[in-house]
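To start, the structure itself, in C-alpha cells.
When a ligand or atom number is given, it counts from 1 through the structure's own listing order. We count residues from 1, following the sequence as given.
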Amino acid sequence: MEAPEAPTVRAGDPPLRTLYEQMLRIRHFETKLDVLYRQGRVRGPAHLGIGQEAIAVGVASVLGLGDASLGTYRGHAHALARGADEEAVLRELLGREGGICGGKGGSMHITSVEHGYYGSYAIVGGHIPTAVGMAWASRIRGDGAVTACFFGDGTTNIGAFHEAVNLAALWRLPAVFVCENNQYMEYTPIGDVIPVARPAADRASAYGLEPVVVDGNDVIAVREVAGAAVDRARRGDGPTLIEATTYRLGGHSAADGAAYRDPDEVSAAWERDPIVALANRLALDGEATPEETDQLVARVKADMDAMAVRVLAAPTPDPAAAWTGMWSDGSSTWRN
Ligand SMILES: Cc1ncc(C[n+]2csc(CCOP(=O)(O)OP(=O)(O)O)c2C)c(N)n1
Ligand SMILES: [Mg+2]
C-alpha cells in the first residue's frame, strides 16, 4: 500500500490573536446555540463546552492536516477548532439542509473527516479504543500521522480507557490522550467517584507514562504541552496522557440548569474564564488593546446572530436524503 503524504505540521507559533479569535468564535457559537436551544429550535441534546475552549484550540493548533482527532458528545469546539465550517455545524444542529453530517448526526456526532476530525462519540470512552486503532493503523501504514483523543474526567473510570491506554503505551503508538478535567461527571463532582485527586495523571504510571497536568484554561500552556506530546508521538516515542484542568461553566447539557452546584464555585470559575485571561494577556503584550478585543467580541456576536438568521431561514433536508450516504460509497442498500 502506498504511504499517504506525511502530515503538514503548522510551522511556527500562530499569533495569540488568532488563537483568541478561534476561542472567541467557539464561545459565541455555543452561547448562541444555548439561546436557540432554549427557544426549542435544537432537536436532541446539546452538550456545550463553554469554559473549555482553550483545550480544543490549543491542541488543534499543533495538529497537522493529516493528523486525526476524536472527541465526545461535547465536541462542537473540537470540530470547529480543526476548521469545520461554523455554518455547516449550525445547519446540522438546527436540522437544516447542508448540515455537516447531512442531518444524520446532530450535536453528539459532529464529524468532519475533511478536517481530520473523526467524530464526536456519545458512548463514554467508546472512542478511545477507536483512536488507538487509528494510531495503530498509522504505525502500520507509516504515514507519520498522530491521533489525538479527547475525553472527560469521568471517562477515566471506564474500562475502555484503561484497555486502550495500556495497548497504546505497550506498542508506543502515536497517540495523544487528552483528559479534559472539567470537575464534573454529569451531575456528580468528580471527587465523589474517583479515589485519586487527578483522574488521568494519577493513573498514568500504571501504564509507564509520565503524569502530565496542564492548566486547561491557558491556551499557551496547552499548546506547549500538546506540541511536546505530538512531537514525541511522531518521533515514535509513544503516547502521552495529558490531564488538562478546567471547569464546565454551564450544565452537563444545555437542558441542565446545574442547580446542584455551589454558586460561589461557579462564580470563582468565571473569574478564571480562559477567554478573558487571554484578552488580558493580549493587552499586556501590546497585541490588542481592550478596545480592540471589545470590537472583536461585538463583531463575532454579530456574525453568530446573522448566521443563525440565515440558517433558520434555510429549508429542512429533502426526506429522500435519509436514504443516502449510509455507506462510504454513498449507497444505503442493506448488506451483511
Ligand atoms: C458507556 C456510557 N455510560 C454512561 C453514559 C451516560 N453519560 C453521558 S455523559 C456522562 C458523564 C461523562 O463525564 P466526563 O467523562 O467527565 O465528561 P464530561 O461530560 O464532563 O465532558 C455519562 C455518565 C454514556 N453516555 N455512556
Ligand atoms: Mg467531566
Side-chain angles (χ1 to χ4, degrees), residues 26-27 29-30 33-34 37 44-60 69-81 105-111 117 119-132 148-165 176-204 213-217 222 241-262 265-266 268-269 272 274:
I26 291 169
R27 168 69 58 90
F29 178 95
E30 288 206 314
L33 181 64
D34 203 14
Y37 187 90
H47 302 78
L48 310 180
I50 291 178
Q52 303 180 207
E53 299 88 349
I55 303 171
V57 168
V59 176
S69 52
L70 295 84
T72 72
Y73 45 86
R74 205 178 298 291
H76 308 144
H78 296 290
L80 295 170
S107 169
M108 296 212 284
H109 304 103
I110 299 291
T111 301
Y117 184 62
S120 306
Y121 297 81
I123 305 298
V124 169
H127 64 311
I128 312 180
T130 305
V132 169
C149 183
F150 300 90
F151 50 87
D153 40 273
T155 307
T156 63
N157 274 2
I158 292 272
F161 161 78
H162 296 278
E163 296 174 31
V165 174
V176 177
F177 301 105
V178 185
C179 173
E180 300 189 41
N181 182 358
N182 64 6
Q183 318 297 328
Y184 280 84
M185 192 196 78
E186 282 193 315
Y187 320 107
T188 308
I190 194 62
D192 288 2
V193 288
I194 292 195
V196 289
R198 305 177 305 175
D202 287 340
R203 279 134 164 197
V213 180
V214 66
D215 177 357
N217 283 16
V222 171
L241 173 57
I242 298 171
E243 178 168 333
T245 49
T246 183
Y247 191 84
R248 193 192 73 201
L249 288 170
H252 170 65
S253 74
D256 170 27
Y260 44 86
R261 297 196 302 199
D262 177 354
E265 175 189 296
V266 180
R272 299 189 302 273

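Note that CD1 of I123 is 11.0 Å distant from OG1 of T130, once rounded to the nearest 0.5 Å. Taking CG of D34 as the start and CZ of F29 as the end, the distance is 12.0 Å to the nearest 0.5 Å. Here the CE-OG1 distance, from M185 to T155, works out to 9.0 Å after rounding to the nearest 0.5 Å. Considering NE2 of H127 and OG1 of T72, their distance stands at 6.0 Å, rounded to 0.5 Å.
Ranking the protein heavy atoms by distance from atom 10 (C) of ligand 1 puts E186 CG, 3.4 Å first. Summary of contacts: the protein heavy atom closest to atom 21 (O) of ligand 1 is R74 NE, 2.9 Å. Ranking protein heavy atoms by distance to atom 25 (N) of ligand 1, first place goes to A122 O, 2.9 Å. In terms of protein heavy-atom proximity, atom 15 (O) of ligand 1 is nearest to T155 OG1, 2.6 Å. Looking from atom 26 (N) of ligand 1 to the surrounding protein, the closest heavy atom is V124 N, 3.1 Å.
The side chain to side chain contact (heavy atoms under 4.5 Å, CB included) test with D202 singles out one residue from I194, V213, V196, T156, and that residue is V196. Put simply, the residue from H252, R248, Q52 that forms a side chain to side chain donor-acceptor pair (under 3.5 Å) with N182 is Q52.
Take a cut-off of 2.8 Å around the Mg ion (ligand 2): the protein N, O or S atoms inside it are D153 OD1, N182 OD1, Y184 O.
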Using side-chain hydrogen bond (donor to acceptor under 3.5 Å, both in side chains), reason through H76 and S107 one step at a time and then give a plain yes or no. CA-CA 7 Å; H76 308 144; S107 169; 2.8 Å; yes
What's the verdict on side-chain hydrogen bond (donor to acceptor under 3.5 Å, both in side chains) for N181 and T245, showing C-alpha distance, side-chain angles and the deciding distance? CA-CA 5 Å; N181 182 358; T245 49; over 6 Å; no
Decide salt bridge (charged side-chain N to carboxylate O under 4.0 Å, His left out) for E53 and R27; before the verdict, give the C-alpha distance in whole Å, the side-chain angles of both, and the deciding distance to 0.1 Å. CA-CA 7 Å; E53 299 88 349; R27 168 69 58 90; 2.6 Å; yes
Would you please test H78 and E180 for side-chain hydrogen bond (donor to acceptor under 3.5 Å, both in side chains) and show each step? CA-CA 12 Å; H78 296 290; E180 300 189 41; 2.7 Å; yes
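Ligand 1 has H252 within reach: a non-hydrogen atom of the residue lies less than 4.0 Å from it. At least one heavy atom of Y184 sits closer than 4.0 Å to an atom of ligand 1.
By the criterion of a heavy-atom distance under 4.0 Å, neither the backbone nor the side chain of H47 is placed next to ligand 1. Under 4.0 angstrom from ligand 1, the non-hydrogen atoms of M185 come from both its backbone and its side chain.
Atoms of ligand 1 found under 4.0 Å from any heavy atom of G154 (numbered from 1 in listed order, with element): 14 (P), 15 (O), 16 (O). Close approach of ligand 1 to G152 (heavy-atom distance below 4.0 Å) involves ligand atoms 14 (P), 15 (O), 16 (O), 17 (O).
Annotation: N182 places an N or O atom under 3.5 Å from an N or O atom of ligand 1; distance criterion only. Remark: ligand 1 and Y73 share an N or O pair separated by less than 3.5 Å (distance only, no angle test).
Geometrically, R261 does not engage Y187 in a cation-pi contact defined by less than 6.0 Å to the ring centre and at most 45° from the axis.
You'll find the ring centres of Y73 and Y121 outside the 6.0 Å limit.
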